[in-house]
Amino acid sequence: MALDPLLVPLLELYSSLPTPEHDDVAERRRAQRARSAEERPYTRYVEPAPSVAEVYDVTVPPDGIGARVYRAGGNSTGTLVFYHGGGWWSGHPDDTDTRCRTIAAGTGVTVVSVDYRLAPEHRFPAHVDDCYHALEWAAAQDFGPGWLGVAGESAGGNLAAAMALLAKARGGPALNLQIMEIPALDLTLSSPSVDTYAEGYVLTSKEIRWCVENYLGDHDPTDPLVSPLHADDLTGLPPAVILTAQYDPLADDGSRYAERLAAAGVPVTYREFEGQVHGSHGLTALLPVAREWRTTLLEAIRASLAA
């Protein structure tokens with residue numbers, strides 16, 4: 001399918017914005033904040049976040065990382081630990097506030113959004129350690145029934161997959177669901193889509209390589225906790241939801257992982273959304289497909305809760 005025509009003017013705008021130097025993370029973060037200000041009018045393409053009963057910040061032991069808790073009100077149906085994207089070097093729970101509110105309001109789960117440490121100041125395994133500690137903390141809270149899941153977008157999808165592997169290896173916490181949206185799952189960058197959609201669709205292959213270098217340093221990119229596609233054994237993992245965008249350099253990471261999970265006997269809900277680019281699933285006020293994506297996600301969580 002061709003690129004969604006509703007995205008064309010947005011891609012033209014995005015490509016016209018200045019690109020900072022790739023070797024200066026501080027400059028990248030400053031430019032990112034400035035770009036957010038320039039793009040503020042495009043928040044009209046995101047539907048308003050639904051209201052929830054409670055939102056509050058917590059500190060997670062043992063290292064004191066932050067997390068934000070969303071409670072829908074009434075009796076919680078379970079707990080979902082959420083990991084934001086941002087290439088492992090940027091991002092904050094603020095960036096996924098609408099997503100987390102939507103999940104909490106739409107499913108009744110308590111959402112715990114993790115503010116893990118960032119590269120290159122903190123490289124692997126800092127992110128994985130933080131995310132696992134937050135998962136352990138969330139599992140120990142009295143948020144409601146025993147249902148527990150992990151979820152994330154982009155780099156956060158990578159971390160969610162790593163949490164499923166790590167929880168299996170360490171004997172817990174027991175997970176009912178793992179959700180990966182537009183995930184990076186092979187940091188050797190061997191998926192064909194890395195080259196097929198190398199530039200022109202928001203996320204570029206050059207950007208991905210820069211992110212991986214900042215995250216890993218000289219660490220082996222075939223380590224399953226950074227590249228879940230390189231795990232030898234995927235049996236016994238929790239049911240998975242993998243949602244990808246057609247025009248995304250990371251698209252084939254998701255499809256390849258879905259195939260491997262299914263071959264290992266893991267129940268998988270997989271869908272590639274045609275005509276979409278990396279991150280366009282958030283443009284719910286503009287794109288009917290983004291609203292369909294949201295519905296697919298919420299229905300998958302509800303189905304898991306009911307299982």
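Each residue takes its place number in the sequence, starting with 1.
- With 3.5 Å as the limit, one finds no donor-acceptor pair spanning the side chains of Asp248 and Gln276.
- In this structure, Thr204 contributes its side chain and Glu207 its backbone to a donor-acceptor pair below 3.5 Å.
- Salt bridge annotation for Lys206-Glu213: absent, with no cationic side-chain nitrogen under 4.0 angstrom from a carboxylate oxygen.
- Of the possible polar contacts, one joining the Arg260 side chain to the Ala231 backbone as a donor-acceptor pair under 3.5 Å is found.
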Review point. Side chain to side chain donor-acceptor pair (under 3.5 Å) between Thr77 and Trp147: does it pass, once the steps are laid out?
Key: CA-CA 7 Å; Thr77 56; Trp147 188 96; over 6 Å; no
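- A donor-acceptor contact shorter than 3.5 Å is absent between the side chain of Lys168 and the backbone of Met163.
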Review point. Given Gln178 and Ile242, is the side-chain contact (heavy atoms from CB on, under 4.5 Å) satisfied, shown in steps?
Key: CA-CA 9 Å; Gln178 54 175 322; Ile242 303 176; over 6 Å; no
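- Of the charged side-chain nitrogens involved, none lies within less than 4.0 Å of a carboxylate oxygen, so that Arg68 and Asp115 do not count as a salt-bridged pair.
- Contact record, Ala300 with Leu177: O-CD2, 4.3 Å, taken as the closest heavy-atom pair.
- Between Trp293 and Phe273, the two ring planes are parallel [angle under 30°; tilted spans 30° to 60°].
- By the 4.5 Å heavy-atom criterion applied to side chains, Leu283 and Glu47 are not counted as neighbours.
- Linking Ile, Leu, Val, Met, Phe, Trp and Tyr residues whenever their side-chain heavy atoms come within less than 4.5 Å places Tyr45 and Leu287 in a single cluster.
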Practice item. For the pair Asp97 and Tyr70, evaluate side chain to side chain donor-acceptor pair (under 3.5 Å) and give the outcome as yes or no after the intermediate values. Key: CA-CA 9 Å; Asp97 182 74; Tyr70 298 81; 2.7 Å; yes
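- Atom CD of Glu153 is separated from atom CD1 of Ile179 by 10.5 Å, given to the nearest 0.5 angstrom.
- With Glu181 contributing its side chain and Thr244 its backbone, the two residues share no donor-acceptor pair below 3.5 Å.
- Here the straight-line distance linking atom CZ of Arg123 with atom OH of Tyr215 works out to 11.5 Å at 0.5 Å rounding.
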Practice item. Assess whether side chain to side chain donor-acceptor pair (under 3.5 Å) is satisfied between Ser191 and Ser193, documenting all intermediate values. Key: CA-CA 6 Å; Ser191 288; Ser193 56; 5.0 Å; no
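- Formation of a donor-acceptor pair under 3.5 Å by the Asp186 side chain with backbone atoms of Asp253 is not found in this model.
- Under the 4.5 Å side-chain heavy-atom criterion for Ile, Leu, Val, Met, Phe, Trp and Tyr, Val277 and Leu203 are members of distinct hydrophobic clusters.
- The aromatic rings of Tyr116 and His84 lie parallel to each other, with less than 30° between the two planes, well short of the 60° mark.
- Two residues are said to be in side-chain contact when any heavy atoms from C-beta on lie closer than 4.5 Å; Leu7 and Tyr201 fail this criterion.
- Asp252 CG to Leu185 CG: the interatomic distance, rounded to the nearest 0.5 Å, is 11.5 Å.
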Point to revise | Evaluation steps, side-chain contact (heavy atoms from CB on, under 4.5 Å), between His230 and Thr188 | key: CA-CA 9 Å; His230 287 266; Thr188 70; 3.6 Å; yes
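- Between Pro288 and Leu6, the closest side-chain pair of non-hydrogen atoms falls below 4.5 Å.
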**Study point:** CA sep, side-chain torsions, deciding dist, call: Val202, Leu10, side-chain contact (heavy atoms from CB on, under 4.5 Å)
**Key:** CA-CA 9 Å; Val202 180; Leu10 294 182; over 6 Å; no
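- In this structure, Gln246 contributes its side chain and Gly275 its backbone to a donor-acceptor pair below 3.5 Å.
- Interatomic distance, Leu237 CG to Leu165 CG, rounded to the nearest 0.5 Å: 5.5 Å.
- A heavy-atom distance below 4.5 Å is found between the side chains of Thr96 and Ser113.
- When atom types are taken as modelled, the side chain of Asp63 and the backbone of Ile65 share no donor-acceptor pair closer than 3.5 angstrom.
- Sorted by first and then second residue, the salt bridge (Lys or Arg N to Asp or Glu O under 4.0 Å) pairs involving residues 265-281 (not counting sequence neighbours) are Arg271-Glu292.
- Of the possible donor and acceptor atoms, none in the side chain of Asp195 sits under 3.5 Å from a partner among the backbone N and O of Pro192.
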Check your understanding: Going through the checks in order, is the side-chain contact (heavy atoms from CB on, under 4.5 Å) test met by Asp129 and His122?
Key -> CA-CA 11 Å; Asp129 290 342; His122 305 282; over 6 Å; no
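- Between Asn214 and Ala119 the shortest heavy-atom distance is O-CB, 3.3 Å.
- The shortest non-hydrogen separation linking Ser205 to Pro249 is OG-CB, 4.3 Å.
- Leu159 has its side chain within reach of Cys131: a pair of non-hydrogen atoms, C-beta onward, lies under 4.5 Å apart.
- Remark: side-chain polar atoms of Thr107 are paired, donor with acceptor, to backbone N or O of Val109 under 3.5 angstrom.
- Here Arg294 contributes atom CZ and Leu298 contributes atom CG; the two are 7.5 Å apart, rounded to the nearest 0.5 Å.
- Annotation: side chain of Pro238 is not in contact with side chain of Asn176 (no heavy-atom distance under 4.5 Å).
- At a threshold of 4.5 Å between non-hydrogen side-chain atoms, the residues Pro50 and Thr102 count as touching.
- Across all non-hydrogen atoms, the minimal contact from Leu187 to Val226 is CG-O, 3.2 Å.
- Using modelled atom types, no side-chain atom of Thr110 and backbone atom of Ser76 make a donor-acceptor pair closer than 3.5 Å.
- Between His133 and Pro61, the shortest heavy-atom contact is CB-O, 3.8 Å.
- With rounding to the nearest 0.5 angstrom, the NE2 atom of His281 is 12.0 Å from the OG1 atom of Thr296.
- Geometrically, Arg170 engages Tyr132 in a cation-pi contact, judged by NZ or CZ lying under 6.0 Å from the ring centre and within 45° of the ring axis.
- Counted within 6.0 Å of CG on Asn75, heavy atoms from surrounding residues, nucleotides or ligands total 12 or fewer; the atom is thus considered open.
- In this structure, Tyr257 is a member of the same hydrophobic cluster as Val266, with clusters built from ILVMFWY side-chain heavy atoms closer than 4.5 Å.
- Leu166 and Phe82 fall into different hydrophobic clusters, where Ile, Leu, Val, Met, Phe, Trp and Tyr residues are linked whenever their side-chain heavy atoms come under 4.5 Å apart, directly or through other members.
- You'll find the side chain of Val69 stays beyond 4.5 Å of the side chain of Val111, heavy atoms only.
- Annotation: Tyr197 is not in aromatic contact with His278 [ring centroid separation under 6.0 Å not met].
- Each of Leu297 and Tyr270 belongs to its own hydrophobic cluster when Ile, Leu, Val, Met, Phe, Trp and Tyr are linked at side-chain heavy-atom distances under 4.5 angstrom.
- Minimum heavy-atom separation, Leu261 to Ala240: CD1-CB, 3.7 Å.
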